[in-house]
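Order of the sequence lines fixes the chain letters, A, B, ..., with proteins taken first and strands second; residue numbering starts at 1 for each chain. All values below come from the heavy atoms of this structure, side chains included, with hydrogens, waters and symmetry mates left out.
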Amino acid sequence: MQKPSIPKGTRDFTPLEMANRNYIFDTIKEVFRLYGFQQIETPAMENLSTLMGKYGEEGDKLLFKILNSGDFLNQVPEGELSTLSSLQLTGKISEKGLRYDLTVPFARFVVQNRDKISFPFKRYQIQPVWRADRPQKGRYREFYQCDVDVVGSDSLLNELELIQIVDEVYRRLNIRVVLKLNNRKILSGIAEMIGEAEKITDITVAIDKLDKIGLEKVNEEIASKGISKEAIALLQPILLLSGTNAEKLEQLKSVLAGSEIGLKGIEEISTIIGLCETMKIDTPIELDLTLARGLNYYTGAIFEVKALDVQIGSITGGGRYDNLTGVFGMEGVSGVGISFGADRIYDVLNQLELYPETSAEQTRLLFVSFGWKELNYCLAWAAQLRKLGINTEVYPEPAKMKKQMSYADGKKIPFVAIVGETEMIAGKVMLKDMKSGQQQLVSREELIATLGNAE
RNA sequence: GUGGUCAUAGCUCAGUUGGUUAGAGCGUCGGAUUGUGGUUCCGAAGGUCGCGGGUUCGAGCCCCGUUUUCCACCCCA
């Protein structure tokens with residue numbers, strides 16, 4: 001006999017865990033719909049040509065690739081099996097991969113279905129994604145993302161709407177969060193100002209580490225990328241920005257005075273923060289220049305949400321991408337979106353023990369009986385209760401009472417209807433309240449009334 | 001990809017300097033109680049000690065390899 005196991009970084013979910021997870025999904029969905037977003041789904045697997053090159057070199061490595069079916073070696077030229085590099089070989093034996101996120105498949109979806117879509121297109125999508133990462137705290141190889149995106153509108157009101165959604169979702173889930181905000185254009189402006197426009201990626205990656213490794217190490221890292229002393233000196237006031245959002249923006253404005261794109265970024269972020277103030281968003285919003293976000297397709301606003309009371313990576317992130325559909329041949333469509341990490345939210349809720357009593361999915365009544373005749377009698381009663389929307393179970397065999405009662409107890413079923421010959425003759429059932437232990441002989445109407453009232 | 005760490009019953013874990021037959025709690029099943037659960041009492045089932053090799057008279061324990069767990073880095077939800 002083999003020991004059962006599941007691949008690393010994946011998980012099973014028990015009924016209790018599913019009830020808790022559904023609470024998250026339902027909350028998020030409800031809020032999405034409140035803003036007029038509509039659900040779509042895309043396949044678990046995409047063609048590798050759709051996925052490759054969209055997430056940078058690292059991302060390509062983290063893609064799960066699917067081996068071609070059939071004789072997958074027949075595309076490999078004779079005798080080249082040992083001479084090809086792994087990368088060249090995967091190109092020959094695999095043409096599909098599991099999706100890495102929901103944004104790129106969505107971009108593909110938009111381009112492919114543009115005839116059925118009217119813009120601006122607001123969609124949400126809740127599906128698992130897969131990454132061949134090393135699993136660790138808050139990191140899985142299979143996890144759910146809950147994406148909301150708007151494409152076909154470059155209005156900053158879309159950014160506002162996403163922030164409102166973040167605000168509402170975390171209010172409902174009772175999680176205290178901070179929303180960090182940045183703008184890729186500001187980062188570009190900074191790179192431009194110090195004359196290192198091409199090194200923007202290196203600079204943002206280094207800046208991102210500021211609170212982890214400190215100013216000195218960040219400067220070292222930037223220097224190691226071949227950036228001049230003068231440029232690093234120019235960077236310092238930016239790394240040392242402080243004060244309120246408004247103060248930071250003022251300081252930035254003078255530093256970036258010479259950069260058109262930088263000023264544009266500042267203007268955008270000011271507008272967004274202004275809108276949030278008007279709409280009285282509760283969630284604290286913090287301008288954070290160290291927020292770079294690895295994905296290279298962002299072009300404008302960048303968001304990230306962190307839980308205040310739990311040490312875990314970001315639980316929501318996103319931003320604006322101006323031309324994601326461009327690679328699929330549809331130019332000039334700007335989009336902005338965010339992604340809620342359901343699994344991390346689940347971990348946060350678990351750690352804070354914030355789950356509400358989830359009774360909606362529970363069985364309310366179990367029929368316990370002594371023989372097949374009684375079981376038949378119960379079936380009719382159960383059918384009627386279910387018609388009335390009462391979650392009802394019939395224990396499927398006339399097992400010992402103790403066994404049937406333990407089943408009800410283990411499943412925390414609040415009411416049990418016991419049926420023996422006496423009850424059948426009387427046309428009633430013995431209804432037992434499992435909490436109080438009290439029981440009485442009741443008619444069908446009385447049973448329905450009791451279960452109805454206890455809702 | 002790099003570094004560390006863990007692995008013993010279904011679950012959580014004990015297991016002495018390497019020494020006879022590897023233990024406990026919980027859970028499961030049976031009984032006390034043949035029409036009553038959650039409490040109590042009694043009993044039973046359940047183990048290739050992750051896997052492979054090595055050292056030894058002898059390995060759950062020591063060594064090597066491998067896989068897995070968890071964690072950190074990279075990166076990210």
Side-chain angles (χ1 to χ4, degrees), chain A residues 1-11 14 24 28 55-63 86 99-103 126-147 166 201 204-206 208-209 212-213 221 291-296 302-307 311-319 337-348 366 368-371 374 395 398-424 429-439 441:
Chain A
M1 193 182 67
Q2 62 164 14
K3 271 200 172 163
S5 64
I6 54 176
K8 71 164 137 181
T10 65
R11 294 150 299 159
T14 61
I24 297 170
I28 289 173
Y55 309 104
E57 210 176 308
E58 279 296 314
D60 285 354
K61 276 191 222 154
L62 297 180
L63 282 172
S86 318
R99 71 167 99 78
Y100 178 90
D101 71 356
L102 300 178
T103 307
I126 298 178
Q127 289 189 273
V129 303
W130 294 270
R131 297 184 187 177
D133 234 356
R134 281 271 178 102
Q136 54 183 280
K137 190 182 176 68
R139 174 173 302 188
Y140 306 100
R141 290 186 138 182
E142 177 186 60
F143 60 96
Y144 273 76
Q145 290 193 330
C146 312
D147 272 34
V166 166
T201 317
T204 54
V205 166
D208 195 28
K209 293 178 187 162
K212 254 186 208 163
I213 62 177
E221 181 162 334
L291 173 60
R293 296 194 56 78
L295 292 178
N296 36 23
I302 308 173
F303 316 99
E304 186 165 292
V305 178
K306 298 207 90 172
Q311 184 93 31
I312 197 163
S314 69
I315 52 180
T316 293
I338 49 170
S339 177
F340 289 80
D343 298 82
R344 285 188 178 173
I345 294 172
Y346 174 76
D347 289 346
V348 169
L366 172 74
V368 164
S369 50
F370 294 102
E374 287 89 339
Y395 198 89
K400 287 197 176 135
M401 277 229 81
K402 184 187 166 104
K403 172 119 176 129
Q404 300 193 51
M405 294 300 286
S406 303
Y407 177 79
D409 198 58
K411 237 176 141 176
K412 294 192 168 54
I413 299 173
F415 293 99
V416 167
I418 300 162
V419 179
E421 213 171 326
T422 342
E423 286 81 6
M424 256 173 76
V429 298
M430 185 62 78
L431 179 65
K432 174 159 182 162
D433 180 333
M434 292 295 277
K435 223 174 207 165
S436 67
Q438 286 175 350
Q439 60 184 52
L441 205 59

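Judged by ring centres under 5.5 Å apart and planes tilted less than 30 degrees, A:F340 fails to stack against the six-membered base ring of B:A77.
A donor N or O paired with an acceptor N or O is found under 3.5 Å between the base of B:G35 and the side-chain atoms of A:E423. Put simply, the side chain of A:Q439 and the base of B:U36 share a donor and an acceptor less than 3.5 Å apart. Donor-acceptor pairing under 3.5 Å, judged by distance alone, is absent between the side chain of A:R134 and the base of B:C75.
Ring pair A:Y55/A:Y100 is tilted by interplanar angle, where 30° to 60° counts as tilted.
Checking B:G30, B:G35, B:A77 against the side-chain heavy atoms of A:K400 singles out B:G30 as nearest. Looking at the side chain of A:K403, the nearest of the listed nucleotides B:G37, B:A77, B:C29 is B:C29. If you check B:C76, B:G3, B:G30 against the side chain of A:R131, the one that comes closest is B:C76. Distances were taken from every side-chain heavy atom of A:K137 (C-beta onward) to each of B:C76, B:U36, B:C71; the shortest belongs to B:C71. Here the nucleotide nearest the side chain of A:L62, chosen from B:C75, B:A72, B:G37, is B:C75.
Per the geometry, CD belonging to A:Q127 stands 17 Å off P belonging to B:A77, to the nearest Å. Between the NZ atom of A:K8 and the P atom of B:C71 there is a distance of 13 Å, given to the nearest Å. Going from atom OH of A:Y395 over to atom C1' of B:G37 covers 13 Å, rounded to whole Å.
Using a 4.0 Å heavy-atom criterion, one finds that A:K435 contacts the bases of the nucleic acid, with or without backbone contacts as well. Among the protein residues, A:T422 comes within range of the nucleic acid bases, having at least one heavy atom under 4.0 Å from a base atom.
Contact annotation: A:Q136 reaches the phosphate of B:A72 (side-chain N/O to OP1 or OP2, under 4.0 Å).
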